[in-house]
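Residues take their numbers from the sequence shown, with the count starting at 1. Just so you know, ligand 1 is whichever comes first in the structure, and atom 1 is the first atom listed for that ligand.
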Amino acid sequence: MERLLIVEDSEEIGRQLKWGFKKDYSLYLATDADDAIHYFKRHRPKVVTLDLGLPPDSDGTSEGFRCLKEILKLHPLTKVIVVTGNDDRESALLAVSIGAYDYYQKPIDLKALAVSVSRAFHLYNIEEENRKLRHALDEKTTVMSGMAGQCPAMTEIFSTIRKVAPSDVPVLIQGESGTGKELVAKAIHSLSMRKDGPFVPINCGAIPENLLESELFGHEKGAFTGAHAQVQGKVEYAEKGTLFLDEIGELPAGLQVKLLRFLQDKTIQRVGGRVDIHVDTRIVAATNIDISEAIESGRFREDLYYRIGVLTIKLPPLRERGGDIMLLANLFLMKFSEQYRKRLKGFSPASVELLKSYEWPGNVRELENRIQRAVVMSDTQLVEPDDLGFTERPFQGVSAFAGMTLREARDRVEKEMLVAAIEKNNGNIAKAAGELGISRPTLYDLMKKHGLYTPSS
Ligand SMILES: Nc1ncnc2c1ncn2[C@@H]1O[C@H](COP(=O)(O)OP(=O)(O)OP(=O)(O)O)[C@@H](O)[C@H]1O
Ligand SMILES: [Mg+2]
């Protein structure tokens, strides 16, 4: 159970709070500032509820503020919920301005306070997770040529890259769009003996077929109209380096033969040329289509595949990388916060929920773009779903629920809508319930069901 420190000098209210919270938290009730600070130093509770009117200044706020300042000095990330007298809004606002998390005015509405306390723990834990992630970056995370990862699948890929890089064998990288294929190709190059040679990328799908041959293999003067001079192709450019053939599945049949020949005897002929030119270039290729299907339908030569696909690296889609999603999200958040000089601490609970459950059809590239957008948009300390551009297009159709039962999908939507409504209304349950079109008690029931808050009854 999480530790909750309640600082309250009124015996009656203290009893009431104890009764309300004892089921869900391990409680300590302090009745003055020194007692509270003493307990805080020893047990470091994440959340504190603090009555500002404490003895010997029970009618004023000096002791309450002293206690608040001391706690925040000891541990600035503590979530302190301040409780003030019925009309003392000013002190409440002052407390928030110096770092209190939230405030409540007496008389206390136990249910509302319980929601605030539960959210405070949640937020604390998220901030802590963010901090740990940042910390872990130096320890467990591998960063290879700008590519970061910690999940088992990526760890495996990093070790494969290390193994295959030093040899000269061709490598085929498979993965959905935005999974980092080009980064893998660069990593292979920079860990190889060819690292001081050129890394030359060419996108086979982006260049018109009639130009691609000359682009790859070069041409002799007069080879075709407009060929005023002899030109080297990318294969030759990449001499002593690596040629990255992106979207190899798009390579036209005639060029597949030429490439196969190059892979077999390391020689090429320029367009319009007759001499064989020996070239020392390593081929790394990438595809986001399933090559075996292309082979079956006759669009890709099987013999070329046997040459080029000896070593295949399969990049998992982002949605299958577990904790890497939040790791990368935090990395990008740091990178862009620095770039745009923004002070962003992390992600709100609703954002984390969304980032973790989203399908990521555009994989790491999409994540990077969304975080960049969020950093630009955000004017708070925590990134909200709005900033990430999720609210305009909350679902990717039913594909977002692939593999779930109807009940699981329903639960997911329900939870996401609750979190979003509560976040949007800053924890105001009545408003959130109104927006969701349900009664307050129903909302409490649903929050309990989804573990968002467990009222003691
Ligand atoms: N593991 C990672 N860590 C950090 N950044 C990454 C990682 N993977 C990809 N990226 C970033 O995501 C973006 C997309 O990566 P990349 O271009 O390598 O993907 P791709 O698979 O080649 O995509 P496409 O199929 O669209 O060509 C780049 O900005 C890259 O820096
Ligand atoms: Mg690419």
Side-chain angles (χ1 to χ4, degrees), residues 133-134 136-162 164-165 171-191 199-207 212 234 238 242-251 283-291 293-294 308-309 312-340 347 355-356 358-376 388-389:
L133 275 169
R134 275 164 214 191
L137 276 181
D138 312 324
E139 294 168 5
K140 272 182 282 162
T141 309
T142 309
V143 182
M144 188 184 267
S145 304
M147 189 175 21
Q150 244 186 15
C151 70
M154 288 307 290
T155 310
E156 172 103 28
I157 282 171
F158 293 138
S159 98
T160 308
I161 292 173
R162 275 190 215 98
V164 306
V171 179
L172 177 65
I173 305 157
Q174 281 190 337
E176 289 179 13
S177 104
T179 46
K181 296 184 291 296
E182 184 149 357
L183 280 187
V184 170
K186 284 183 182 156
I188 291 173
H189 173 73
S190 60
L191 291 170
F199 175 84
V200 181
I202 178 167
N203 188 328
C204 306
I207 297 168
L212 188 58
K234 301 268 179 172
T242 307
L243 179 70
F244 176 49
L245 291 174
D246 207 354
E247 293 189 40
I248 183 114
E250 302 291 318
L251 199 66
I283 302 288
V284 173
T287 175
N288 55 19
I289 60 158
D290 187 352
I291 292 275
E293 264 173 37
I308 218 150
T312 299
I313 293 180
K314 283 201 172 119
L315 277 171
L318 181 59
R319 64 186 162 277
E320 287 169 15
R321 295 191 203 175
D324 278 12
I325 298 177
M326 286 316 295
L327 173 98
L328 290 170
N330 276 287
L331 263 180
F332 292 138
L333 186 71
M334 277 191 274
K335 176 175 107 181
F336 292 119
S337 301
E338 206 163 291
Q339 192 172 321
Y340 294 102
F347 299 91
L355 290 172
K356 285 185 177 166
Y358 183 59
E359 271 285 279
W360 297 112
N363 293 292
V364 188
R365 176 176 296 113
E366 182 182 0
L367 176 65
E368 187 173 13
N369 289 343
R370 282 190 187 271
I371 306 278
Q372 178 170 24
R373 177 203 145 107
V375 171
V376 174
L388 290 159

Q: Are the side chain of N203 and the backbone of G205 linked by a donor-acceptor contact shorter than 3.5 Å?
A: yes

Q: Less than 3.5 Å between some nitrogen or oxygen of T179 and one of ligand 1, yes or no?
A: yes

Q: If you take the nearest heavy atom of each of P201, G178, A185, which one is closest to atom 24 (P) of ligand 1?
A: G178

Q: Using heavy atoms and a threshold below 4.0 Å, how should the contact between L328 and ligand 1 be classified: side chain, backbone, both, or neither?
A: side chain

Q: Which residue owns the protein heavy atom closest to atom 31 (O) of ligand 1, what's the atom, and how far is it?
A: L183 CD1, 3.6 Å

Q: Considering only non-hydrogen protein atoms, determine which one is nearest to atom 2 (C) of ligand 1 and report residue, atom name and distance to 0.1 Å.
A: A148 N, 3.4 Å

Q: Using the six-membered ring wherever Trp is involved, compare the ring planes of F244 and F199 and label them parallel, tilted or perpendicular (cut-offs 30° and 60°).
A: parallel

Q: In the protein, which heavy atom is nearest to atom 12 (O) of ligand 1, and how far is it?
A: E368 OE1, 3.5 Å

Q: Which atoms of ligand 1 sit under 4.0 Å from any heavy atom of M147?
A: 1 (N), 2 (C), 3 (N)

Q: Does only the side chain of F244 get under 4.0 Å from ligand 1, or the backbone, or both, or neither? Count heavy atoms.
A: neither

Q: Q174 and side chain to side chain contact (heavy atoms under 4.5 Å, CB included): which partner among I289, I291, L315, I313?
A: I291

Q: Verify, without hydrogens or angle tests, whether K181 (side chain) and G175 (backbone) share a donor-acceptor contact under 3.5 angstrom.
A: yes

Q: In the protein, what heavy atom is nearest to atom 14 (C) of ligand 1, and what distance, to one decimal place, separates them?
A: R365 NH2, 3.6 Å

Q: Output side-chain donor-acceptor pairs under 3.5 Å for residues 153-161, partner residues at least two apart or in another chain, one line each.
A:
| unit_1 | atom_1 | unit_2 | atom_2 | d |
| --- | --- | --- | --- | --- |
| T155 | OG1 | Q150 | O | 3.3 |
| T155 | OG1 | C151 | O | 2.8 |
| S159 | OG | E156 | O | 3.3 |
| T160 | OG1 | E156 | O | 2.9 |

Q: Which protein non-hydrogen atom lies closest to atom 25 (O) of ligand 1, naming both residue and atom, and how far is it?
A: K181 NZ, 2.7 Å

Q: When you measure from atom 19 (O) of ligand 1 to every protein heavy atom, which one gives the shortest distance, and what is it?
A: G180 N, 3.1 Å

Q: Can you say whether the rings of W360 and Y358 are parallel (under 30°), tilted (30 to 60°) or perpendicular (over 60°)?
A: perpendicular

Q: From the options I248, T242, V184, V164, select the one residue that forms a side chain to side chain contact (heavy atoms under 4.5 Å, CB included) with V284.
A: T242

Q: Return the closest protein heavy atom for atom 4 (C) of ligand 1 as residue, atom name and distance.
A: G146 O, 3.2 Å

Q: Any idea which protein heavy atom is nearest atom 22 (O) of ligand 1, and the distance to it?
A: E182 N, 3.3 Å

Q: Please, which pairs that meet salt bridge (Lys or Arg N to Asp or Glu O under 4.0 Å) have at least one residue in residues 318-336, sequence neighbours excluded?
A: E176-R319, K335-E368

Q: Could you check if a side-chain atom of F332 sits within less than 4.5 angstrom of a side-chain atom of V375, using non-hydrogen atoms only?
A: no

